[in-house]
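Data first, discussion second: the structure below is written as structure tokens.
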Amino acid sequence: MPARDPSTVLIIGAGMGGLAASIRLAAAGRRVTVFDRAAAPGGKLRAVTVAGRAIDAGPTVVTMRHVFDDLLRAAGTSLAAELRLAPLDVIARHHWQDGTRLDLRQTPAASEAAILAAFGPRAAREFAAFCRRSGALYDALDAAFMRNPSPGLLALGRRTGLAGLLALGRASPFASLWSVLGSRFTDPRLRQLFARYATYSGASPFAAPATLMLIAHAEQRGVWTIEGGMTMLAAALMRAASRHGARFRLGAPVAEVLTDGGRVSGVRLADGSEVAGRTVIAAGEIGAIGAGGLGAAARAALGRAAAAPRSLSAVTWQVVAHARGFPLSHHNVFFSRDYPAEFAALAAGALPPDPTIYVCAQDRGGQAPGERPRGAGAERLLVLVNAPPLGDNAMPDDAATAACWARVRARLAAAGLTLDIVGSAVTGPPGFERLFPGAGGALYGRDLASWRDPFARPRARTALPGLYLAGGSAHPGPGLPMAALSGSFAAAAILADAE
């Protein structure tokens, strides 16, 4: 017999999209049950324990805080009431192999002053112009694309108005981010710095649309860390949904979306039990659904989106170590010498011989040089390089990953950073494929290889009545705030369709 009333909304996945949908629906009075194969909520918002210490192994900061405050407001609470957040003054510390170091700060004026000191007055003027353009682009696309559940080119033009269309035109949306930045910045190091924003969506800056420059403005609106780690955000969202009656069944993987008479009728769990429900949100990887991970009916409901090209994956090392030499901030980026060669290697399916390296020093705030980390002793570090999404082919293998780690250690040492390691763990594309099956380790959903691709992400409604989508591989895209918006879109569609 079915385990619940058929009117219950069943959500597959307790990642950010599923959590957001559960809050919206439960607060609106709907019965909600959330299933997840993991033992804790959060999806890619996860932690890995090394040497007895929890290290954030996915997202490391909160941006676009208003998205989460708006979400929690629906449940009668707020981020400030649920969590302790601290703003970062230094958004990221950047290092190039010629020895140049630059801190981007939370205010454009402070960043402009730093760029003036490091690169001179022309670079500072170019940065100021870039900030104006990225801010106008953000304003144009915020309501028209990011907060619009069904954006399209015609609707985009209507909703942005003349000012928005002009901002889009100045961003050269049909060109690649790399080519546009080449016309914005004379110094190649600044071009490389802002081109890295493409990787926030798992894309190559040599193919991704120039509209991704709006991420720079999103960071300037505020970046926060969470006391206790980023998994506290997932726990807070689950608490908020539970207060309104949502049920969570963790450690309960779903094997199939069931149908009857051409519409959703429930789900079958991996243990063979069935749960009835005429409404299901699939809030996981679109790639997994496309690979048949939720059955044939769910796969057919995606249509062409089931076979979308994959975004980048990563190799991440979770490290507890004594860090000496280089003055780490919370976020640190050590750039490769040759950015085109790095992304050519990724496109060819290989780990680059000289990768750009991201280091998140999780016991440090956004510190100025010379400041010491909070506490004493060994630090928690997340080290990341981009990787091709070939985890379902067991690539890169252990030998390639170990060789990459040796190159990473050598590059960090050349920058002055010595790590005396207490303990470590590693997750590469094969590991991400095991954690989130069906995507080959791709961490950001659909690849953004042209200006059309952001519009090609699937929307909340599918061709199968009763089946809805949410998560970072659905519209509006990857990242915590975007995935949260996708969950809100799915909830809104369900409530509207019930009227």
Side-chain angles (χ1 to χ4, degrees), residues 63-64 87-96 98 100-146 156-157 159-201 203-223 329 331 333 335 339-340 343 356 366 448 450-451 454 479:
T63 58
M64 298 178 68
L88 285 181
D89 177 43
V90 177
I91 294 175
R93 180 159 295 153
H94 304 85
H95 182 273
W96 287 268
D98 64 2
T100 304
R101 194 168 71 208
L102 175 70
D103 287 355
L104 277 190
R105 311 294 286 267
Q106 190 159 313
T107 67
S111 292
E112 185 177 343
I115 289 171
L116 175 64
F119 299 110
R122 180 173 182 175
R125 291 193 299 271
E126 290 171 343
F127 172 74
F130 173 77
C131 286
R132 291 191 294 271
R133 290 192 176 101
S134 63
L137 182 63
Y138 182 97
D139 291 341
L141 293 180
D142 183 24
F145 182 83
M146 291 184 285
L156 191 67
R159 296 190 66 165
T160 58
L162 179 59
L165 288 174
L166 290 173
L168 280 171
R170 285 192 292 269
S172 303
F174 305 118
S176 73
L177 180 61
W178 182 257
S179 63
V180 169
L181 291 174
S183 67
R184 300 284 191 266
F185 293 105
T186 305
D187 193 295
R189 291 165 294 187
L190 290 178
R191 183 188 196 185
Q192 186 179 29
L193 189 161
F194 292 105
R196 183 175 171 271
Y197 285 118
T199 64
Y200 286 33
S201 295
S204 163
F206 299 92
T211 49
L212 291 182
M213 70 174 67
L214 65 81
I215 297 173
H217 183 74
E219 285 192 334
Q220 290 168 0
R221 291 166 65 97
V223 178
S329 188
H331 285 169
V333 181
F335 281 111
Y339 224 36
F343 282 90
T356 293
L448 300 182
S450 81
W451 64 269

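Bear in mind that the values here come from a model prediction, so they are computed numbers and not experimental data. We number each residue from 1, following the sequence as shown.
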Check: [Y] and [X] side chains under 4.5 Å, non-hydrogen atoms:
X: S134; Y: F194; result: no
X: H94; Y: F335; result: yes
X: V223; Y: P87; result: no
X: W96; Y: L102; result: yes
X: F343; Y: W178; result: no
X: R221; Y: M64; result: no
X: F119; Y: T100; result: yes

With no hydrogens and no angle check, is any side-chain donor or acceptor of [X] less than 3.5 Å from a backbone partner on [Y]?
X: S111; Y: R105; result: yes
X: S201; Y: A203; result: no
X: H331; Y: I91; result: yes

To the nearest 0.5 Å, how far apart are [atom1] in [X] and [atom2] in [Y]?
X: L212; Y: S176; atom1: CG; atom2: OG; result: 10.5 Å
X: L116; Y: R125; atom1: CG; atom2: CZ; result: 9.5 Å
X: I115; Y: F127; atom1: CD1; atom2: CZ; result: 4.5 Å
X: T107; Y: E112; atom1: OG1; atom2: CD; result: 10.0 Å
X: D103; Y: D89; atom1: CG; atom2: CG; result: 8.5 Å
X: E126; Y: D187; atom1: CD; atom2: CG; result: 8.5 Å

What closest approach, in Å, do [X] and [Y] show between heavy atoms, and which atom pair accounts for it?
X: Q106; Y: G222; answer: NE2-CA, 3.7 Å
X: A175; Y: V180; answer: CB-CG2, 3.7 Å
X: R191; Y: L181; answer: O-CD1, 3.7 Å

Residues two or more places apart in sequence or in another chain: which of them pass side chain to side chain donor-acceptor pair (under 3.5 Å) with S450?
-> none

Is a side-chain donor-acceptor pair under 3.5 Å present for Y200 with E219?
-> yes

Determine whether the side chains of T356 and R196 contain a donor N or O and an acceptor N or O closer than 3.5 Å.
-> no

Side chain to side chain contact (heavy atoms under 4.5 Å, CB included) between L177 and M213, intermediate numbers included = CA-CA 7 Å; L177 180 61; M213 70 174 67; 4.1 Å; yes

